[in-house]
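All residue numbers in this chain count up from 1 along the given sequence. The structure displayed is predicted, hence computed values, not measured ones. Values reported hereafter were calculated over all heavy atoms of this structure, with side chains retained and with hydrogens, waters and symmetry mates removed.
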Amino acid sequence: MSERIAIVTGAAHGIGAGTAVRLAADGMAVAVLDLNEADCAATVKQIENDGGRALAVAADVSRSDQVQAAVERVAAELGAPAVLVNNAGITRDAMLFKMTDEQWDTVINVNLRGPFLMTRAVQKYMSGQKWGRIVNISSSSALGNRGQANYSATKAGVEGFTKTLAKELGKFGITANAVAPHFIATDMTAGMATSLKMSFEELVETYKKQIPVNRVGQPADVAAAVSFLVGEDAGFVSGQVIYVAGGPLC
């Protein structure tokens with residue numbers, strides 16, 4: 001297989017960083033995209049130290065002009081992107097009666113508008129190659145989660161978006177799937193502990209007791225699922241939502 005070019009958004013930390021490193025280990029050149037280019041340095045360095053190729057790219061995925069410029073830069077400096085992992089996401093949790101317009105709009109813009117803008121910008125390169133892989137990072141919160149009306153709405157939207165992409169783009173050799181993690185130990189979930197006024201260790205133990213495999217997830221667990229979905233062997237898997245949750249959620 002010739003070297004594929006991948007873009008991973010929100011790749012400076014957490015799931016995005018783990019996914020970028022995994023795809024580089026799989027032989028891809030990876031654009032590490034996040035809000036600030038300097039924040040991507042550690043991920044890029046790890047990939048390069050392991051012998052891979054990586055490029056740090058700054059972009060606000062909710063801004064159409066920045067997305068277009070970022071994708072064009074990737075195409076010019078790494079090559080035409082064939083793999084897109086829409087991982088960038090934020091939370092602004094609050095109960096519905098306390099949620100502000102800003103909290104709602106900010107989460108919608110990053111978590112749902114972002115994947116739309118990124119996918120629209122990248123799909124022409126995939127269509128030109130007659131091959132492409134799109135993986136959108138959803139969440140178990142798509143099933144509904146107290147205090148996350150905004151976040152849950154975006155993740156449910158991402159899953160509908162994914163299924164539509166699979167139907168529209170399949171004839172061009174492009175697959176689209178979603179990976180929906182449950183509790184993954186990252187900086188974002190550490191922030192949950194702070195908002196709940198408990199230590200991160202206490203939060204991990206709380207979730208661990210609910211998960212059949214008796215542990216919480218790690219970024220590498222999500223990255224492994226993404227690695228399969230963007231590979232050659234997953235060409236007949238499209239429009240699916242894969243839960244990385246350590247067990248069933250119902």
Side-chain angles (χ1 to χ4, degrees), residues 9-19 34-36 39 60-64 85-119 135-164 178-219 221-222 225 241-250:
T9 70
H13 307 285
I15 290 172
T19 299
D34 215 300
L35 198 58
N36 298 305
D39 293 340
D60 178 345
V61 296
S62 70
R63 293 277 304 276
S64 181
V85 181
N86 285 309
N87 167 74
I90 61 171
T91 57
R92 296 291 185 272
D93 296 349
M95 297 298 289
L96 180 63
F97 72 98
K98 290 184 177 180
M99 187 172 290
T100 65
D101 292 358
E102 183 181 9
Q103 288 173 316
W104 176 270
D105 291 343
T106 301
V107 172
I108 294 292
N109 286 339
V110 174
N111 296 9
L112 191 54
R113 176 179 167 87
F116 158 67
L117 293 176
M118 288 296 306
T119 305
V135 178
N136 297 316
I137 304 301
S138 181
S139 168
S140 60
S141 292
L143 302 174
N145 197 28
R146 181 180 175 88
Q148 288 193 317
N150 49 5
Y151 187 76
S152 295
T154 62
K155 294 308 182 179
V158 159
E159 293 182 8
F161 177 61
T162 299
K163 293 176 185 294
T164 300
V179 172
H182 188 32
F183 187 95
I184 306 295
T186 64
D187 291 344
M188 181 181 286
T189 50
M192 288 172 53
T194 301
S195 65
L196 292 170
K197 295 181 172 56
M198 59 194 306
S199 71
F200 186 54
E201 291 73 19
E202 290 172 327
L203 185 65
V204 166
E205 284 302 313
T206 298
Y207 274 93
K208 180 179 173 181
K209 293 173 183 176
Q210 303 171 16
I211 298 173
V213 299
N214 196 38
R215 69 173 177 87
V216 299
Q218 300 295 327
D221 294 312
V222 182
V241 180
I242 309 298
Y243 281 89
V244 179
L249 296 172
C250 61

Do you know which two heavy atoms are closest between Val110 and Val61, and how far apart they sit? O-CG2, 3.9 Å

Nearest-0.5 Å distance that lies between atom CG in Asp221 and atom NE2 in His182: 13.0 Å

Quick one: OG1 on Thr106 to CZ on Arg113, what's the gap to the nearest 0.5 Å? 12.5 Å

Backbone N/O of Ile137 and side chain of Lys155: donor-acceptor pair under 3.5 Å: yes

Asn145 side chain reached by Tyr151 side chain, heavy atoms, under 4.5 Å: no

For Gln103 and Lys98, the nearest pair of non-hydrogen atoms, with its separation, is OE1-O, 3.8 Å

Candidates Asn36, Asn109, Leu117, Leu35 - the one meeting side chain to side chain contact (heavy atoms under 4.5 Å, CB included) with Asp60: Leu35

Donor-acceptor contact below 3.5 Å, side chain Asn150 vs main chain Thr91: no

When rounded to the nearest 0.5 angstrom, what distance separates OH in Tyr207 from CD in Glu205? 13.5 Å

So, applying side chain to side chain contact (heavy atoms under 4.5 Å, CB included) with Val135, which one of Thr19, Asn86, Val179 is it? Val179

What distance separates Gln218 CD from Ile15 CD1, expressed to the nearest 0.5 Å? 10.0 Å

If you look at every heavy atom in Pro219 and Ala185, which pair is closest and at what distance? CD-O, 3.7 Å

Indicate the atoms forming the closest heavy-atom contact of Ala180 with Val241, along with that distance. CB-CG1, 4.0 Å

Just how far is it from atom OH of Tyr243 to atom OG of Ser139, taken to the nearest 0.5 Å? 8.5 Å

Closest heavy-atom pair, Thr162 versus Ala178, reported as atoms and distance to 0.1 Å, is CG2-N, 3.7 Å

Heavy-atom donor-acceptor pair, Thr9 side chain to Asn87 backbone, under 3.5 Å: yes

Any chance you could measure Asn111, atom CG, to Ser62, atom OG, to the nearest 0.5 Å? 10.0 Å

Answer yes or no: is there a donor N or O on one side and an acceptor on the other, between the side chain of Ser152 and the main chain of Ser141, under 3.5 Å? yes

Give a yes or no on this: more than 12 heavy atoms of other residues, nucleotides or ligands lie within 6.0 Å of atom CG of Leu249. yes

How close do Ser138 and Val158 get, heavy atom to heavy atom, and via which atoms? CB-CG1, 4.4 Å

Judged by atom type as modelled, is there a donor-acceptor pair below 3.5 Å linking the side chain of Asp34 to the main-chain atoms of Ala12? yes

